[in-house]
Student: 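Sharing a structure below in structure tokens format, with a few things to ask.
In this text the structure is predicted, and so the values were computed from the model without any measurement. Numbered from 1 within each chain, the chains take letters A, B, ... in sequence-line order.
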Number of protein chains: 2
Amino acid sequence: MPKTIAKSNKDAAQMPQKSRRYRGSSGDQRRSERYEQLLNAGLSVIGNQGYAAASVRSICSEAGLTERYFYESFANREALLAEVYKTQTRYLKSRMLAAFEASERNTAAFSRAGLQAFFDTLSQNPDIARLLLFEILGVSDTIDELYYEAMEEFAVLIRALTESLGLADISDIPDQGMVYAGLVGAVLQIARRWALTNYREPVDSVIESSLFLFVAATNYSAAKPQ
Amino acid sequence: MPKTIAKSNKDAAQMPQKSRRYRGSSGDQRRSERYEQLLNAGLSVIGNQGYAAASVRSICSEAGLTERYFYESFANREALLAEVYKTQTRYLKSRMLAAFEASERNTAAFSRAGLQAFFDTLSQNPDIARLLLFEILGVSDTIDELYYEAMEEFAVLIRALTESLGLADISDIPDQGMVYAGLVGAVLQIARRWALTNYREPVDSVIESSLFLFVAATNYSAAKPQ
DNA sequence: ACAATTTGACAATAGTTCATGTCACTTTAC
DNA sequence: GTAAAGTGACATGAACTATTGTCAAATTGT
């Protein structure tokens with residue numbers, strides 16, 4: 001009995017092997033559903049217990065899935081963290097952009113709307129806040145890179161915001177990117193302080209404090225045409 | 001042979017048992033020397049490989065000491081991290097204060113001196129930079145508390161600095177602490193960006209960018225007496 | 001009805017870490 | 001010189017973790 005006889009028409013290099021429907025959904029649907037569950041569970045565990053405590057087992061348990069399915073969607077813990085982070089920054093950015101568009105077209109309302117969306121998102125989702133403000137730093141070089149990119153993207157947002165306020169020329173500053181990074185850092189730090197004091201201050205207060213720095217930068221440049 | 005006979009005059013509750021000199025130094029000296037070695041090794045390992053990779057074993061190996069001596073000085077990894085952090089923030093603050101005192105007594109020189117001390121310390125000690133800017137966040141509630149306190153202390157420094165620039169009245173802002181926290185966050189974020197791009201920009205550039213935000217806040221308030 | 005696929009509970013392996021313990025060796029006090 | 005204190009290399013055990021594997025039960029296509 002020569003072992004070269006295949007037991008079916010399947011090749012030695014196994015075919016994609018189209019999946020069967022199960023409980024009403026296709027294989028792809030089920031897989032992406034599990035992916036979503038893991039993403040949500042990841043956010044929940046990281047947001048509640050921190051990334052250090054977010055073991056594969058605890059995430060799967062939270063997701064109601066077996067460990068095997070973890071590796072179906074992610075190579076490892078860090079890959080999950082990266083995806084969760086990307087998803088949540090995307091979500092945050094979309095909320096801010098939506099707020100911009102829904103806002104009245106005057107500068108004060110415009111920038112308040114963006115900041116409101118930012119701080120609202122965090123206070124309504126403490127898990128996201130903990131992830132974005134605390135857990136993401138110092139994990140690995142790869143994650144640091146991700147963090148850096150996200151900050152730069154938010155700097156672009158901030159730039160649009162401050163420029164809408166009238167900040168025209170800060171060309172005497174060697175690196176304008178640094179200034180915008182600084183403004184992002186200011187808002188993030190205000191958010192961290194807010195989170196660490198359990199969101200005790202009213203949201204308007206943190207918005208005003210943030211806005212103060214934006215407007216100050218704006219006015220300074222505007223008032224200094226020379 | 002009744003086991004109640006003590007083998008010496010030592011009590012059942014063992015006495016403090018005064019230590020013997022060894023290799024020229026007293027027990028206290030040796031212990032505090034080991035403590036220093038562990039602190040330095042901790043900074044080195046955390047600064048080079050991150051806190052996650054800073055196992056008790058790796059720290060002791062770096063320190064050239066046995067694991068037993070770790071627990072002589074620290075209850076656990078986290079206790080070491082806390083002490084290293086406190087030591088380095090103390091060091092950073094002392095360098096900044098020294099810079100203030102050595103500076104000429106005009107506002108521009110004064111604030112530049114402080115910022116120069118800050119950024120110089122980080123670029124000269126990448127270990128410290130990594131610890132203070134990245135590794136300290138998201139470790140535990142205890143460490144977060146420490147971070148929060150350190151930030152507030154730096155906010156006081158910043159406040160002194162900006163007030164020396166003439167920032168008098170920002171009383172229309174609900175929480176002034178938030179504004180100062182924001183300025184601290186701005187400087188920290190600029191430092192993070194600088195570190196993540198391998199300190200490529202000249203130090204004067206990051207100083208000017210930071211200063212811009214300070215001066216902007218100053219001028220805005222000053223120019224807005226109403 | 002029945003074989004194949006899918007799933008979930010769980011075992012297994014190999015590795016790591018913390019924290020403590022053992023023990024031979026070095027140094028000191030007397 | 002000798003007993004005790006101090007040291008360093010290493011062992012140990014309990015607890016985790018990541019990752020793969022096993023297997024019976026549930027579900028499906030035919």
Side-chain angles (χ1 to χ4, degrees), chain A residues 6-10 14-38 41-42 45-46 49-82 139-140, chain B residues 6-10 14-38 41-42 45-46 49-82 139-140:
Chain A
K7 59 177 161 182
S8 79
N9 62 354
K10 265 197 271 183
Q14 70 269 43
M15 297 166 62
Q17 180 175 268
K18 73 171 189 298
S19 61
R20 170 193 277 181
R21 296 187 69 80
Y22 204 86
R23 276 211 271 262
S25 30
S26 77
D28 283 349
Q29 283 174 322
R30 295 189 323 265
R31 209 171 317 123
S32 79
E33 230 170 79
R34 288 190 292 258
Y35 176 87
E36 291 294 331
Q37 287 175 63
L38 286 168
V45 174
I46 294 171
Q49 305 171 237
Y51 176 66
S55 66
V56 172
R57 184 156 299 174
S58 68
I59 290 169
C60 290
S61 159
E62 174 78 20
L65 290 174
T66 298
E67 286 109 27
R68 185 160 33 111
Y69 289 119
F70 184 91
Y71 298 98
E72 173 193 58
S73 288
F74 306 100
N76 47 44
R77 255 163 33 103
E78 200 177 304
L80 173 86
L81 174 66
V139 171
S140 75
Chain B
K7 61 177 159 181
S8 78
N9 61 352
K10 265 196 270 184
Q14 68 270 41
M15 298 165 64
Q17 181 174 268
K18 73 170 189 298
S19 62
R20 170 192 277 182
R21 295 186 70 81
Y22 204 85
R23 276 212 270 260
S25 29
S26 78
D28 284 347
Q29 283 173 321
R30 291 184 331 258
R31 209 171 317 122
S32 80
E33 229 170 81
R34 287 190 294 258
Y35 176 87
E36 291 295 330
Q37 287 175 61
L38 286 168
V45 174
I46 294 171
Q49 304 169 237
Y51 177 66
S55 65
V56 173
R57 184 156 299 175
S58 67
I59 290 169
C60 290
S61 158
E62 174 78 19
L65 289 174
T66 298
E67 285 107 27
R68 183 159 35 109
Y69 289 120
F70 184 90
Y71 298 98
E72 173 193 59
S73 287
F74 306 98
N76 49 42
R77 251 161 41 98
E78 200 178 303
L80 173 86
L81 174 66
V139 171
S140 76

Student: Quick one: list whatever passes side-chain hydrogen bond (donor to acceptor under 3.5 Å, both in side chains) with A/S58, sequence neighbours left out.
Tutor: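 side-chain hydrogen bond (donor to acceptor under 3.5 Å, both in side chains) list for A/S58, sorted by chain: A/S55.
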
Student: Suppose we screen for side-chain hydrogen bond (donor to acceptor under 3.5 Å, both in side chains). Which residues come up paired with B/E62, at least two apart in sequence or across chains?
Tutor: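 Scan of B/E62 (side-chain hydrogen bond (donor to acceptor under 3.5 Å, both in side chains), adjacent residues dropped) gives B/S44.
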
Student: Which whole-number value in Å describes the distance from B/D28 CG to D/dG6 P?
Tutor: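 Going from B/D28 (CG) to D/dG6 (P), I get 11 Å.
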
Student: Could you pull out all residues at least two apart from B/S26 that satisfy side-chain contact (heavy atoms from CB on, under 4.5 Å)?
Tutor: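 If we apply the side-chain contact (heavy atoms from CB on, under 4.5 Å) test to B/S26, skipping adjacent residues, the hits are B/R21, B/D28, B/Q29.
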
Student: In whole Å, what is the span from the CD atom of B/Q37 to the P atom of D/dT7?
Tutor: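 Going from B/Q37 (CD) to D/dT7 (P), I get 11 Å.
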
Student: So for B/Y22 and C/dT26, does any side-chain atom that can act as donor or acceptor lie under 3.5 Å from a complementary atom in the base?
Tutor: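 Donor-acceptor pair under 3.5 Å: yes.
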
Student: Could you tell me the separation between the CZ atom of B/R20 and the P atom of C/dA29, rounded to a whole number of Å?
Tutor: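 Distance, rounded to whole Å: 6 Å.
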
Student: The criterion is side-chain hydrogen bond (donor to acceptor under 3.5 Å, both in side chains); which residues satisfy it with A/Q49, sequence neighbours excluded?
Tutor: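 Counting only residues at least two positions away or on another chain, A/Q49 forms no side-chain hydrogen bond (donor to acceptor under 3.5 Å, both in side chains).
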
Student: With DNA chain C as reference, determine whether B/G24 or A/G27 sits nearer its 5' end, using the nearest nucleotide of each.
Tutor: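 That would be A/G27.
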
Student: For A/R21 and C/dT7, what is the distance between atoms CZ and C1' respectively, to the nearest whole Å?
Tutor: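 One finds 17 Å between C1' of C/dT7 and CZ of A/R21, rounded.
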
Student: May I ask you to establish whether A/R77 and A/Y51 are in a cation-pi arrangement, using a distance under 6.0 Å from NZ or CZ to the six-membered ring centre and at most 45° from the ring axis?
Tutor: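 Yes, A/R77 lies over the aromatic ring of A/Y51.
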
Student: Looking at residues at least two apart in the chain, or sitting in another chain, which of them share a side-chain hydrogen bond (donor to acceptor under 3.5 Å, both in side chains) with B/E72?
Tutor: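 Once residues adjacent in sequence are excluded, the partners of B/E72 under the side-chain hydrogen bond (donor to acceptor under 3.5 Å, both in side chains) criterion are B/R34.
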
Student: Base, backbone or nothing for each nucleotide of nucleotides 8-22 of chain C, written B, S, -, heavy atoms under 4.0 angstrom, 5' to 3'?
Tutor: BBB-------SBB--

